[in-house]
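Worksheet: the structure to be examined is printed underneath.
Values below: every heavy atom of this structure, side chains too, minus hydrogens, waters and symmetry copies.
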Amino acid sequence: MRWTIKAKPEQEEITALAQALNVENLVAQLLLQRGITSYEEAKTFFRPQLSDLHDPFLMKDMDIAVNRIEKAIANNENILVYGDYDVDGTTSVALLSSYLLSYYPNVATYIPDRYGEGYGVSYQGIDFAEDNDFSLIITLDCGVKAIEKVNYAKEKGIDFIICDHHRPGKELPNAVAVLDAKREDCSYPYDELCGCGVGFKLIQALAVNNEQTIEDLVPYLDLVATAIGADIVPITGENRVLAYYGLQVINSNPRIGFKAIIAQTKKQRLSITDVVFTIAPRINAAGRMKHGQHAVNLLTETDISEAEKFAGEIEKYNLDRKNLDKQITKEALQQIVDYNEEEKFTSVVYKDTWHKGVIGIVASRLTENYYRPTLVFTKSGDKLAASARSVKGFDVYNALDASSEFIEQFGGHKYAAGLTLLESQYEDFKAKFEEVVSQTIDKRLLTPEISIDAIINFTDITPKLMRIINQFEPFGPGNMTPVFMAENLKDSGYAKGVGAEESHLKCAVYQPSNTTSKERINAIGFSLGKKLDVVTQGTFNAVFSIDENEWQGKTSLQLRIRDIKEN
């Protein structure tokens with residue numbers, strides 16, 4: 001594990017911001033490291049306002065999209081809201097369809113079958129639209145590369161409006177409108193929205209002519225916050241505002257479908273992390289194990305007893321998904337050993353019987369284990385399909401692009417992508433991908449990195465600091481939970497391994513060199529049981545975040561240790 005300490009801002013900057021905000025220097029340093037340099041910027045950060053959201057008509061083609069939808073409504077056309085089967089796609093479809101249905105009845109939803117149709121816009125979906133007299137398809141979280149499919153639809157008299165956030169190719173589809181802030185000719189001020197975020201901008205634009213204000217759209221933000229968390233987009237700028245208010249909706253007045261899911265998790269208050277690890281996997285499980293339409297049904301349901309039934313089914317899918325992903329991960333890890341590939345720069349594995357719905361999760365597990373760019377393939381119809389995952393700092397999308405001579409189709413982001421290829425191309429692709437990564441990756445990126453905000457003393461760890469850190473939420477890329485390092489720590493005799501096979505570390509530590517604070521602080525280190533000897537045999541340094549632990553009605557500060565090294 002590499003420990004990297006972030007550059008400390010200039011002392012004059014720290015002092016000036018600390019004085020302007022009337023906070024400790026440490027807080028000012030954390031803010032400066034997040035690009036916050038003034039009182040006004042800090043106010044926007046700590047107190048996000050709906051008025052901070054950008055005008056949706058700044059997005060290229062937004063006016064055209066709104067006009068086409070309003071024309072469809074005026075002409076009594078049937079509108080098909082089409083989205084991908086993951087969390088971002090299903091929440092997007094639930095958002096736009098429920099908004100349109102609030103004032104126009106001729107709206108239906110379509111989620112492609114993960115196994116029968118694959119990712120994105122499908123010919124089957126377009127044929128469904130033709131057979132059922134839909135003349136307008138609005139895609140969400142997909143479509144920006146669907147050039148042939150959009151042309152196919154056009155021949156049948158079906159128009160497309162595309163709402164996407166993936167990188168476009170060299171050519172855009174011949175749609176009525178393409179809403180994607182990553183278009184080179186789009187000057188929208190923020191280009192890190194998720195698919196559901198783009199969908200929200202569309203309903204924000206539609207709301208103008210419906211004489212609605214932004215406050216009228218707040219109930220939809222529980223969907224947007226869930227998609228932001230699940231899709232791992234930066235929680236900065238506009239995403240921060242959307243996530244901030246979305247979490248308020250989730251915790252105060254969530255939609256019926258979320259209520260049904262939350263009831264099964266037994267959580268009182270959900271953070272963005274809870275959303276990512278409790279709500280999102282359950283929504284995803286529907287598309288992975290059965291069909292994404294089940295998730296849309298749950299998220300748009302208004303009857304609590306029906307929602308509870310859907311949520312129960314999805315809970316079962318989630319359990320099945322967990323068991324499958326465990327089994328396939330075990331097989332994939334064994335394959336790497338059997339093929340003597342532990343020392344490679346990449347992990348590329350394939351088995352024709354692996355469940356397509358969990359290969360993305362398995363790719364993430366393998367990345368955690370070997371920490372290198374990873375692809376997990378399975379059979380999909382007459383082709384192979386894969387999910388790709390990367391390591392921090394390495395663009396797997398570019399690596400796939402450089403290996404594209406052996407790929408039929410691919411798309412995605414810097415850290416996660418999907419692709420298909422012919423089985424006959426698998427070995428050539430595998431060799432090419434290994435070659436590209438080995439020649440382009442900075443070898444340091446193959447060791448996991450912990451990025452440390454600041455070195456602190458135990459005297460800095462106070463309830464007041466914790467109260468301010470809590471106001472940094474919601475956390476995520478671009479605004480990660482502050483991570484600290486403290487030196488010369490000592491265990492006070494309570495260290496022990498806990499949990500299954502004593503894999504976790506529990507201890508109470510103090511800082512002998514700190515004469516002003518002899519108080520010990522409880523600490524927990526998940527998956528750090530193997531470091532027990534380091535803690536008990538002398539002084540050590542630790543990297544940690546600070547959180548609150550509730551026990552028997554009392555709340556106390558504790559360290560959540562990320563790593564430990566001998567002094």
Side-chain angles (χ1 to χ4, degrees), residues 60-86 89-90 92-101 104-166 168-180 183 195 198-199 202-203 205-206 287 291-293 296 300 380-383 385 408-411 418 420:
K60 178 90 174 164
D61 282 3
M62 184 62 80
D63 51 343
I64 302 169
V66 169
N67 289 340
R68 180 64 186 89
I69 292 168
E70 288 178 345
K71 180 186 163 197
I73 291 169
N75 293 339
N76 219 28
E77 293 177 58
N78 293 329
I79 301 172
L80 188 64
V81 180
Y82 187 117
D84 196 24
Y85 40 68
D86 66 2
T90 51
S92 301
V93 168
L95 173 125
L96 183 60
S97 64
S98 58
Y99 178 76
L100 290 172
L101 284 165
Y104 181 65
N106 300 353
V107 178
T109 61
Y110 191 95
I111 303 289
D113 182 83
R114 184 187 280 262
Y115 310 106
E117 296 166 80
Y119 168 80
V121 180
S122 70
Y123 290 112
Q124 200 174 317
I126 294 166
D127 291 342
F128 171 87
E130 183 188 28
D131 293 344
N132 293 279
D133 198 26
F134 289 95
S135 50
L136 177 61
I137 297 176
I138 306 172
T139 72
L140 294 136
D141 189 37
C142 61
V144 80
K145 283 188 162 184
I147 290 161
E148 296 86 357
K149 314 269 175 55
V150 171
N151 289 338
Y152 177 74
K154 212 168 185 62
E155 288 166 11
K156 296 173 178 294
I158 299 169
D159 283 342
F160 261 85
I161 291 171
I162 291 167
C163 307
D164 206 344
H165 69 120
H166 297 96
K170 292 180 178 69
E171 183 189 344
L172 290 174
N174 188 19
V176 171
V178 178
L179 307 179
D180 188 336
R183 282 177 64 164
V198 179
L202 178 56
I203 70 166
L206 290 165
H291 199 286
Q293 189 63 46
V296 175
T300 52
S380 179
D382 58 352
K383 293 179 185 172
E408 292 279 296
Q409 200 178 353
F410 74 100
T420 56

Closest non-hydrogen atom pair between [X] and [Y], with its separation:
| X | Y | result |
| --- | --- | --- |
| Ser380 | Ala385 | CB-CB, 3.8 Å |
| His291 | Asp113 | CD2-OD1, 3.4 Å |
| Glu130 | Ile158 | N-CD1, 3.8 Å |
| Lys145 | Gly411 | NZ-CA, 4.5 Å |
| Gly292 | Thr90 | O-CG2, 3.6 Å |
| Asp141 | His165 | OD1-NE2, 3.0 Å |

Indicate yes or no: at least one non-hydrogen side-chain atom of [X] is less than 4.5 angstrom from one of [Y].
| X | Y | result |
| --- | --- | --- |
| Val81 | Val107 | yes |
| Ile79 | Tyr104 | yes |
| Thr300 | Thr109 | no |
| Asp127 | Tyr152 | yes |
| Asn174 | Ile147 | no |
| Val198 | Leu140 | no |
| Asn132 | Asn78 | no |
| Arg183 | Asp61 | yes |

Inset, instruction - Go through Phe160 and Lys154 one step at a time and tell me if the side-chain contact (heavy atoms from CB on, under 4.5 Å) criterion holds. - result: CA-CA 8 Å; Phe160 261 85; Lys154 212 168 185 62; over 6 Å; no
Determine whether a donor-acceptor pair (N or O, by modelled atom type, separation under 3.5 Å) exists between the side chain of [X] and the backbone of [Y].
| X | Y | result |
| --- | --- | --- |
| Tyr82 | Ile126 | no |
| Asp164 | Val144 | yes |
| Tyr85 | Gln293 | no |

Inset, instruction - Starting from the C-alpha separation in whole Å, work towards a yes-or-no answer on side-chain contact (heavy atoms from CB on, under 4.5 Å) for Leu206 and Leu100. - result: CA-CA 9 Å; Leu206 290 165; Leu100 290 172; 4.0 Å; yes
How many angstroms lie between [atom1] in [X] and [atom2] in [Y], if you round to the nearest 0.5 Å?
| X | Y | atom1 | atom2 | result |
| --- | --- | --- | --- | --- |
| Leu179 | Ile138 | CG | CD1 | 9.5 Å |
| Asp84 | Ile111 | CG | CD1 | 7.5 Å |
| Leu136 | Ile69 | CG | CD1 | 6.5 Å |
| Lys60 | Asp180 | NZ | CG | 13.0 Å |
| Leu202 | Ser92 | CG | OG | 11.0 Å |
| Leu96 | Cys163 | CG | SG | 7.0 Å |

Legend entry - Glu117 atom CD, neighbour heavy-atom count above 12 within 6.0 Å: yes
Legend entry - Heavy-atom neighbours of Lys71 NZ exceed 12 at 6.0 Å: no
Inset, instruction - For the pair Phe134 and Phe128, name the ring-plane relationship: parallel under 30°, tilted 30 to 60°, perpendicular over 60°. - result: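 It falls in the parallel class, under 30°.
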